[in-house]
Amino acid sequence: MFYWSTNQTITQRAMASPSLREGQKGVMAAVVIRILFVPAIVVIPGVCAYKLFGDIGDATYGRIVAEVMPSWLSGAFAAFMAAAVLTSYTSVLNSSVTLYVCDLHESFIAAKPDVKRLNTIISLVFMVLSIMLVPVYSGAASIINLVQQLNGLLSMPILSAFILGLAFRNVDARAAMTAVVFGVALYAVFTFVWTPIHYIHLMLVTLIACLGVGLSVNRWLFGRRATLGLSFGNQTAAAP
């Protein structure tokens with residue numbers, strides 16, 4: 001639900017389409033690729049590699065490629081992998097910069113900044129920060145698991161805000177934002193301080209806790225009683 005509905009790197013591209021119909025076409029094409037082709041590309045080589053080499057973690061893909069692919073294609077494969085990594089990195093970078101400029105800087109610092117110059121500066125800052133974090137996580141047992149775990153810092157809190165906005169009526173936007181901030185802090189504690197169970201289960205715990213906090217704050221702090229019911233179109237529930 002988070003990946004297809006509230007993931008900034010995906011929804012941002014859908015909203016940037018020239019028309020609603022074109023955006024729908026793009027999303028449907030991505031769904032078809034994701035459901036029909038990606039599992040075969042990701043799962044089948046993993047199963048084969050496990051049978052051939054055992055549990056070798058993140059080295060699996062490179063090992064099976066080295067065994068199966070002809071050596072004369074290795075250069076092209078390396079270029080494809082580099083392009084895929086850079087595309088993913090720039091997607092996250094662009095989304096992060098857009099979020100900062102539109103939702104933070106223009107709202108709280110300067111309403112009409114020099115967007116081109118600001119985008120360049122913030123992009124450079126984020127790039128430097130990401131490079132500085134490389135030594136911190138270079139010793140991780142699995143980069144894939146690490147990325148999935150860290151995604152929980154935002155995925156579950158943001159998903160809770162959308163659920164509060166769409167599944168409930170009469171929810172104050174400030175209550176949803178309070179739930180987001182609480183969820184980020186709670187999952188950060190689970191990730192960096194105390195991890196009692198697997199992080200996948202902690203994501204569910206975080207989501208439920210965010211919903212509880214949002215509804216409680218809405219009732220007791222803002223004096224509004226939320227009612228269950230889908231809210232679309234002109235029926236307003238407060239999404240941030």
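Hydrogens, waters and symmetry mates are skipped; everything else that's a heavy atom, side chains included, is used. What you see is a predicted model, and the numbers here were worked out from it, not measured in a lab. Along the sequence shown, the residues carry numbers beginning at 1.
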Item to complete: State which residues pass salt bridge (charged side-chain N to carboxylate O under 4.0 Å, His left out) with E106; sequence neighbours excluded, sorted by chain then number.
Response: none
Worksheet item: With hydrophobic residues grouped by side-chain heavy-atom distances under 4.5 Å, do V189 and I200 end up in a single group?
Response: yes
Between atom [atom1] of [X] and atom [atom2] of [Y], what is the distance when rounded to the nearest 0.5 Å?
X: L52; Y: T60; atom1: CG; atom2: OG1; result: 10.5 Å
X: L146; Y: S138; atom1: CG; atom2: OG; result: 10.5 Å
X: N119; Y: K116; atom1: CG; atom2: NZ; result: 10.5 Å
X: Y199; Y: N145; atom1: OH; atom2: CG; result: 4.0 Å
X: T98; Y: I122; atom1: OG1; atom2: CD1; result: 11.5 Å
X: T206; Y: L186; atom1: OG1; atom2: CG; result: 4.5 Å

Is a side-chain N or O of [X] found less than 3.5 angstrom from the main chain of [Y], in a donor-acceptor match?
X: T191; Y: A188; result: no
X: S74; Y: S71; result: yes
X: N218; Y: N170; result: yes
X: Y187; Y: Q149; result: yes
X: S107; Y: L104; result: no
X: T195; Y: F190; result: yes

More than 12 heavy atoms of other residues, nucleotides or ligands under 6.0 Å from [atom1] of [X]: yes or no?
X: Y50; atom1: OH; result: no
X: F80; atom1: CZ; result: no
X: Y61; atom1: OH; result: no

Discussion item. The test is side chain to side chain contact (heavy atoms under 4.5 Å, CB included); show your working for M177 and F182 and say whether it passes.
Written reply: CA-CA 9 Å; M177 291 304 299; F182 168 80; over 6 Å; no
Discussion item. Is there a side-chain contact between L202 and P196 in this structure, where contact means two heavy atoms from C-beta onward sitting under 4.5 Å apart?
Written reply: yes
Worksheet entry | Parallel, tilted or perpendicular: ring planes of H198 versus H201, cut at 30 and 60 degrees | perpendicular
